[in-house]
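Keep in mind the model is a prediction, meaning the values are calculated, not measured.
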Amino acid sequence: MTNPTIALWATNIARPLNGIDGWLSLIDAKAAEAAKAGAGMLVMPEYNSAHWLMYKPAGLARHEEVAFMAAEGVRALPGLPEIARRHGVALLAGTMPAADGEGGFFNRAHLVLEDGTIVTQDKLCLTPAEKDPEAWSLTASDRLKVIEWRGLKVAIMICLDIELPALAAAVADRTLDLILTPSMTGKPSGYHRVFGCAKARAVELQTIVAAVGTIGTQWPGETNYSGASVFTPCEEALGFTGIHASVEPTGDTEDDGPMLIARDLPVDTIRDLRAGGAEVWPGAWRADRLRIEAA
């Protein structure tokens with residue numbers, strides 16, 4: 001299947017949750033919903049694991065939340081492969097803190113394939129809060145993996161990672177078919193940064209970028225604002241606009257959050273465009289020969 005259908009779930013992490021078993025049941029239900037809609041993959045947002053903070057111990061300090069989520073992640077991960085196998089749906093199970101082997105934690109995405117295999121990707125560029133010792137204080141990775149899924153070359157660029165032109169330039173010659181961007185943004189400004197850059201990456205890399213974020217206010221001041229979109233190059237053959245599918249962003253909702261079913265990702269068409277059919281795309285253009293001069 002070259003042109004797959006995928007589902008993106010903008011998770012409402014303000015919905016009541018009482019433990020890992022409840023979380024796994026929710027993921028199972030959403031995977032079933034995605035499979036019924038014909039999706040081959042369900043993509044969840046960055047820090048989907050923050051949903052677990054709904055039942056964190058009383059008095060847990062901000063800088064202790066990462067270790068709590070990492071411990072809960074160890075409990076959660078064994079349940080995900082069976083969900084993927086049962087529904088025949090790959091799961092990008094958002095991101096969660098994971099031990100870096102040196103006493104710290106990565107912000108790690110887990111892509112659980114339909115056979116239960118788990119491929120991980122750690123965030124490359126951290127936000128100020130992710131570097132703050134008094135907040136979540138994480139470790140940045142220096143490795144980006146190219147993953148094969150159903151004949152597609154896939155990469156995961158987590159939230160701020162998709163905003164980096166240098167990263168796009170580094171993978172420009174890899175002919176990626178799909179970039180998955182789980183994100184967490186607290187305000188409309190963050191949403192527009194991530195999603196605007198996701199669209200730019202689709203244009204400059206001649207690829208598909210699927211972005212989805214968390215929504216919901218857990219506690220006063222703890223807002224999340226996002227939506228879900230699949231972007232393509234802005235080409236006539238793809239409908240001109242560069243938007244393949246989208247749901248409007250929101251800050252709060254009463255339900256689990258909207259699920260976008262993005263049907264028939266136009267992988268074959270984009271491969272043809274990348275091979276010479278695009279209107280003006282210059283290929284993997286690099287600025288190595290460029291000289292910057294003062295006017």
Side-chain angles (χ1 to χ4, degrees), residues 1-8 39-41 43 92 109 111 121 123-125 143-183 190-213 227-247 249 260-293:
M1 180 176 65
T2 308
N3 293 334
T5 293
I6 64 173
L8 298 99
M41 180 186 291
V43 184
L92 179 58
L111 178 60
Q121 175 62 54
K123 193 171 185 178
L124 303 172
C125 186
R143 300 183 183 183
L144 181 71
K145 298 176 183 177
V146 177
I147 305 158
E148 181 161 331
W149 175 68
R150 298 193 179 189
L152 276 61
K153 291 166 67 175
V154 180
I156 302 169
M157 298 184 186
I158 302 167
C159 202
L160 184 55
D161 293 348
I162 201 67
E163 299 182 34
L164 308 175
L167 178 56
V171 300
D173 58 356
R174 296 296 179 138
T175 59
L176 297 173
D177 295 304
L178 175 63
I179 297 174
L180 304 173
T181 298
S183 71
Y191 162 80
H192 286 288
R193 281 196 303 271
V194 171
F195 280 61
C197 289
K199 186 176 182 181
R201 301 293 90 83
V203 171
E204 66 194 34
L205 295 176
Q206 202 74 9
T207 191
I208 299 167
V209 182
V212 62
S229 295
V230 174
F231 300 107
T232 65
C234 299
E235 299 283 343
E236 181 176 1
L238 300 170
F240 298 102
T241 66
I243 301 174
H244 179 74
S246 185
V247 294
L260 173 65
I261 305 298
R263 299 193 178 279
D264 302 322
L265 302 186
V267 175
D268 289 335
T269 299
I270 291 175
R271 285 176 174 175
D272 290 341
L273 291 168
R274 193 188 297 137
E279 292 175 23
V280 297
W281 186 62
W285 191 89
R286 295 191 180 276
D288 299 349
R289 61 181 176 81
L290 187 66
R291 294 183 297 174
I292 308 297
E293 299 177 349

| request: Measure the spacing between CD1 of I179 and CG of L167 and express it to the nearest 0.5 Å. | output: 8.0 Å
| Say you draw a straight line from CG of L124 to CG of L160; how long is it, rounded to the nearest 0.5 Å? | 9.5 Å
| Evaluation steps, side-chain contact (heavy atoms from CB on, under 4.5 Å), between L111 and Q121 | CA-CA 8 Å; L111 178 60; Q121 175 62 54; over 6 Å; no
| note | Nearest heavy-atom approach of L273 to Q206 is CB-NE2, 3.4 Å
| said: Nearest 0.5 angstrom please: T207 OG1 to F231 CZ, how far? | reply: 13.0 Å
| field | Atom pair CD1/CZ of I162 and R193 - distance to nearest 0.5 Å | value | 14.5 Å
| Minimum-distance pair of heavy atoms, taken over all atoms of A172 and A284 | O-CB, 3.6 Å
| field | Distance in Å, M157 CE paired with C125 SG, rounded so as to fall on 0.5 Å steps | value | 12.5 Å
| field | Of all pairs that satisfy side chain to side chain donor-acceptor pair (under 3.5 Å), the ones with a partner from residues 171-183, not counting sequence neighbours | value | K153-T175, D177-R271
| Residues V230, V209; criterion side-chain contact (heavy atoms from CB on, under 4.5 Å); working and verdict | CA-CA 6 Å; V230 174; V209 182; over 6 Å; no
| task | Please answer whether the main-chain N or O of G277 pairs with a side-chain N or O of D272 as donor and acceptor at a distance below 3.5 Å. | result | no
| How many angstroms lie between CD1 in I270 and CG in L178, if you round to the nearest 0.5 Å? | 9.5 Å
Using residues 232-244 as the side-chain source, report each donor-acceptor pair under 3.5 Å to any protein atom, sequence neighbours left out, with the distance given to one decimal.
{"from": "E235", "atom 1": "OE1", "to": "E279", "atom 2": "N", "distance (Å)": "3.1"}
{"from": "T241", "atom 1": "OG1", "to": "I243", "atom 2": "N", "distance (Å)": "3.2"}
{"from": "H244", "atom 1": "NE2", "to": "R263", "atom 2": "O", "distance (Å)": "2.7"}

| query | Are P4 and V267 close enough that some pair of their side-chain heavy atoms sits under 4.5 Å apart? | reply | yes
| So which heavy atom on P266 is nearest to which on N3, and how close? | C-OD1, 3.8 Å
| Which pairs count as side chain to side chain donor-acceptor pair (under 3.5 Å) when at least one residue sits in residues 161-170, sequence neighbours excluded? | none
| field | Criterion side-chain contact (heavy atoms from CB on, under 4.5 Å) on L152 and L265, from CA distance to verdict | value | CA-CA 11 Å; L152 276 61; L265 302 186; 5.6 Å; no
| request: Compare every heavy atom of W281 with every heavy atom of E204, then report the nearest pair and how far apart it is. | output: O-NE1, 2.9 Å
